[in-house]
Amino acid sequence: MLHNIFSKWITAGLAVVLLTPATALVTSSGALAAENKLVIYSARKEHLLKPLLDEFTKETGIETLLYTGKDSALIERVKAEGDKTDADILMMADAGNLGYAAEQDLFAKLDSQTVRERIPAHLRDDQDRWTGLSVRARTLVYSTERVNPKDLSGYQDLADPKWQGKLCLRTSKKVYNKSLVASLISHYGEDQAEKIVTGWVNNLAAKPYAKDSQVMDAILAGRCDVGIVNSYYFGRLVEKKPQVALALFWADQQGHGTHVNISGAGIIKSSDQAANARTLIEWLTQNKAQSLYAEVNQEYPADPQIPPSKTVASWGKFKADDLSLSEVVRLQQQAVRLMQKVGYR
Amino acid sequence: MNRLTSLQGFLLWIPVWSILAILVLLLLLPISYLFGSWGNIDIQLWEHFSANLLDELTLNTLLLVLSVAVGTLTLGTGLAWFVVMYEFPGRRWLSWLLLLPFAMPAYVLAFVFLGTFDYGGTVQQWLRTFFSIDYFDIREGVFGPALVLTLVFYPYVYLLARTAFANQAISMIENARLLGCSPASVFWRLSFPLARPAIAAGVSLALMETLADFGTVSLFNYSTFTTAIYSVWEDFHSLTAAAQLSTLLLLFAVMLLGMEKLSRGRRAFTQQANLDRPPFVLKNWQRWLVSFSIWMIVVIVLIIPIVQLGVWSYQSLLEEWDARYFDWLSNTLVLSVSSAVIIVSSALLMNILQKKTTGKTVRFLLFSARLGYALPGVVLAIGIMGVLAWFNQQLDTDWFIGGLFALYLAYLVRFIAVAHGPIESRLQTIRPSIIEAARNMGANSTRLLWEIYLPLLKPGLIAAFILAFLDISKELPATYLLRPFGWDTLAMRIFELSTEGLYQRAAIPSLVLLLLGIAGLLILRRLNLFR
């Protein structure tokens with residue numbers, strides 16, 4: 001009975017169900033929008049990148065199309081799109097994901113004299129597939145009310161029982177912590193690194209937080225005294241509350257130097273606009289762009305010749321760890337296993 | 001015109017069947033892709049998992065699912081019972097207001113709660129001063145995530161239970177009273193058992209959402225299967241192991257749906273009564289107490305978050321608001337409405353198919369096609385991208401990724417389960433006797449369709465549309481990964497800002513999204529379509 005009644009109706013319904021996506025498929029295939037524009041897939045957030053791209057278009061006349069997304073998801077998308085991808089440049093907010101994209105053979109060689117001259121080697125891929133564009137330090141932050149900076153020294157020291165119940169950390173799921181622990185493995189070997197991370201876990205005052213900003217809030221609320229954060233998160237806090245009772249401490253100044261990470265970019269292998277893509281990356285390594293790129297996010301320019309913004313400079317100079325980021329990338333999975341093993345969540 | 005020969009009938013149904021087959025196939029593709037992953041097992045990785053993580057993940061996930069089950073069951077059923085069965089001040093408004101948490105994205109409520117109940121923050125200082133409650137960390141244990149998820153998912157149970165209670169015959173309840181039943185025993189011995197299938201359907205939807213949730217649990221840093229799936233994928237770059245873990249998650253979902261089926265049993269209650277007034281009378285002070293308690297819930301779930309978001313929005317308005325918001329709003333609207341239409345039509349077709357068929361295989365396929373609801377958006381999106389990439393390669397085109405097609409497919413797979421329930425339950429209430437009677441009076445199929453089927457199905461179709469619409473407008477991971485150029489949405493903006501810890505600024509898109517959902521519900525209320 002249902003049979004007869006629904007037959008017409010179903011046919012009409014099917015038309016709606018199937019035609020809508022079919023139309024959508026044809027009309028908004030990405031290729032149409034992307035034609036003739038330099039397409040950037042970016043894990044760096046839109047509000048940090050858009051002003052620069054506008055400036056770039058003004059100066060060079062090259063139009064850009066920005067497509068933001070989550071780091072690993074963008075990499076999967078470029079992989080899935082294969083040779084047909086519209087993407088010309090892939091920008092990531094850390095070395096780990098750039099390294100993974102390179103490993104997946106998504107990048108062409110940068111092959112740029114300008115980049116080689118301006119960006120130090122340890123901030124670039126050792127096979128020239130990606131380069132850093134800005135630097136952020138992952139260092140200690142402490143309560144100026146409860147901690148004497150003389151008692152601090154670096155990452156390893158935070159494992160000391162004297163910090164029991166006084167340490168706050170962000171979750172090990174965040175890529176910045178994976179890179180930090182990878183650098184510890186590289187410097188001290190796996191066993192010693194495991195001891196350090198175990199020490200951290202034992203010293204935790206609270207379950208690891210989801211965000212760096214929450215770590216700082218917890219220190220302010222008196223939950224703990226010291227934590228590890230990216231320098232720009234501290235910068236954002238100071239911007240809002242200049243008198244905040246927190247300060248950065250540059251870790252490991254007597255040792256390997258403070259761990260740094262980068263945001264950076266590479267040119268997609270199958271890009272049909274490789275020349276323009278190279279122009280953009282080179283443009284981003286130039287003086288003005290470098291200061292602006294770093295300044296919008298309170299980071300350090302990747303080119304050491306270029307001074308950081310005033311706020312950032314006010315935190316003082318520090319010795320940065322010059323461990324090659326390519327090495328950090330290689331050790332990242334080992335770092336994840338280590339953290340999961342010792343119960344750092 | 002009803003006398004089609006069998007050949008004609010057969011020919012007429014060929015396009016219908018083949019297109020239905022394509023639809024079901026499309027729905028099954030991502031899921032079969034996931035199960036296909038077991039062909040290749042990374043033993044070392046699995047050893048690492050079972051040694052260090054698996055116990056904790058299983059325990060955490062079970063604990064969370066159990067807490068949300070108890071929470072949504074109690075809250076959803078309890079609220080529906082009071083709203084339907086008792087008269088109290090503000091009942092009509094509260095009955096509707098209690099649906100609004102549907103419009104609240106779970107991750108937004110999570111960051112509002114974390115902000116409001118900061119360790120040592122204003123609220124906690126206040127609690128300490130007036131109730132001498134010591135400072136506490138709302139992130140510890142299962143309490144925080146379970147609370148947030150309960151508060152945003154209870155409306156599934158509430159909505160379905162409310163309809164079920166309201167359709168119970170007044171004469172039945174009055175008879176029970178005459179036989180000496182107290183309201184409580186009417187609930188336990190009559191109303192609850194009768195409403196059980198609906199309540200079970202609501203709870204299972206809430207739990208599928210819970211399994212798929214990533215945003216809330218990660219803000220609380222509470223590790224579940226879903227966060228582990230992310231970790232495997234992001235940390236070990238193993239899509240295979242991520243897919244394998246996802247299939248374990250699907251097993252959970254199968255168990256849930258199975259429980260729903262079990263509790264439904266063989267009975268299909270077809271009641272068409274309508275309680276036009278609440279059957280029970282409360283004493284004066286009790287009425288105010290009930291009203292007050294329900295208002296408190298509305299305050300916690302809606303008013304506090306809206307005020308907090310309002311304050312934050314005010315503080316960041318200059319910095320954050322610009323013309324692009326109109327774009328994001330219209331994208332969100334267009335995507336949600338158009339795919340809700342697609343989803344409801346597909347769910348209707350599948351329901352008809354399910355009703356027409358008795359074949360076990362087809363029923364099993366239809367059942368599996370709904371499992372997508374329990375999949376975290378990212379897993380689903382990657383599954384779909386994998387499949388479509390293959391199509392692209394085979395056909396040497398770039399049509400399948402980068403257009404809206406992939407996105408529509410993702411929404412369809414993910415949310416068809418939401419639209420299925422309401423339509424199914426309405427379809428069951430259409431008794432064959434009604435149709436026979438209409439036919440005997442000479443109604444043809446067109447009239448049957450317009451005058452019997454559609455009016456009877458309408459409430460179910462509308463409920464399905466709303467649930468799908470609200471879910472899509474909040475959806476993040478699949479949209480983020482699969483959207484074409486220029487299709488940025490509000491949910492994306494919330495994510496981009498909140499992931500950087502910029503909660504004040506994220507309040508603006510959150511508020512806009514919330515108001516969009518509320519506006520949608522309000523319009524339907526005005527049109528008398530959904531109360």
Side-chain angles (χ1 to χ4, degrees), chain A residues 1-11 13-14 16-18 20-21 24-26 28-31 33-34 45-47 65 67-70 72-73 76-77 80-82 84 86 100 171 173 175 178 206-214 217-218 221-223 233 333 336-337 340-341 345, chain B residues 2 4 9 12-13 15-16 19 23 48 52-53 118-121 137 139-140 218-221 223 227 231 233-237 338 341-342 345-346 348-349 352 355-356 378 382 385-386 388-389 392-393 398-399 401-405 408 435 445 448-449 453 480-481 484-486 496 500-501:
Chain A
M1 193 182 331
L2 218 51
H3 182 107
N4 296 331
I5 297 157
F6 280 122
S7 56
K8 281 184 200 161
W9 189 25
I10 286 178
T11 325
L14 289 172
V16 175
V17 177
L18 292 167
T20 321
L25 184 84
V26 177
S28 59
S29 170
K45 300 292 171 316
E46 198 247 22
H47 61 279
L65 195 60
Y67 186 88
T68 53
K70 209 168 150 25
S72 358
E76 290 309 326
R77 180 156 169 160
E81 289 174 336
K84 302 273 188 227
D86 295 314
Y100 175 59
T171 169
K173 296 178 186 95
V175 66
K178 298 176 201 166
K207 178 174 158 184
Y209 288 86
K211 316 269 174 204
D212 277 9
S213 55
Q214 290 173 333
D217 287 344
R223 192 83 203 272
Y233 288 109
Q333 291 202 11
V336 175
R337 280 174 204 259
Q340 290 179 342
K341 190 174 148 201
R345 291 291 175 258
Chain B
N2 291 327
L4 290 168
L12 189 61
W13 278 89
V16 174
I19 288 171
L23 181 67
H48 168 73
N52 299 306
L53 293 171
D118 256 351
Y119 181 89
D137 190 342
R139 300 174 316 121
E140 287 293 349
S218 58
L219 273 173
F220 284 95
N221 198 10
S223 306
T227 60
S231 157
W233 170 49
E234 294 201 324
D235 299 340
F236 299 108
H237 302 300
S338 58
V341 170
I342 295 174
S345 327
S346 311
L348 181 60
L349 290 177
I352 295 168
K355 191 159 177 158
K356 282 186 61 65
V378 150
I382 291 174
M385 224 162 52
L388 295 184
N392 263 354
Q393 268 174 9
D398 60 351
W399 273 22
I401 304 177
L404 281 179
F405 178 74
Y408 278 143
I435 308 296
S445 22
L448 269 182
L449 171 60
Y453 275 103
Y480 208 33
L481 181 59
F485 290 106
E496 293 214 336
E500 295 284 306

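A, B, ... follow the sequence lines: proteins, then strands. Residue 1 opens every chain. Computed from a prediction, not measured in an experiment: that's the story for all the values here.
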Problem - Segment of His237(B) engaging chain A (4.5 angstrom heavy-atom cut-off) - result: both
Practice task
Measure the CD-NE2 distance between Gln333(A) and His48(B) for me, rounded to the nearest 0.5 Å.
Solution key: 10.0 Å
Problem - Short N-O contact, Glu234(B) and Lys70(A), less than 4.0 angstrom - result: yes
Exercise for the section: Provide the closest heavy-atom pair for Tyr119(B) versus Ala221(A) in the form atom of the first, atom of the second, distance. Expected result: O-CB, 3.3 Å
Exercise for the section: Below 4.5 Å from any heavy atom of chain B, which atoms of Tyr233(A) appear? Answer side chain, backbone, both or neither. Expected result: side chain
Problem - Interface moiety of Asn221(B) toward chain A, non-hydrogen atoms closer than 4.5 Å - result: both
Fill in the blank from the handout: Among Lys211(A), Arg223(A), Lys84(A), the residue with the most heavy-atom pairs under 4.5 Å to chain B is Arg223(A)
Problem - Ala210(A) to Leu219(B) - nearest heavy-atom pair and separation - result: CB-O, 3.6 Å
Handout entry: Residue selection (most heavy-atom pairs with chain B, distance under 4.5 Å) from Ser213(A), Ala80(A), Ala206(A)
Key = Ala80(A)
Exercise for the section: Could you look at Glu46(A) and say if it's the side chain, the backbone, both or neither that has a heavy atom under 4.5 Å from chain B? Expected result: both
Handout entry: Which portion of Ser218(B) sits near chain A, non-hydrogen atoms under 4.5 angstrom
Key = backbone
Handout entry: Enclosure of Lys341(A) NZ (heavy-atom neighbours >12, cutoff 6.0 Å)
Key = no
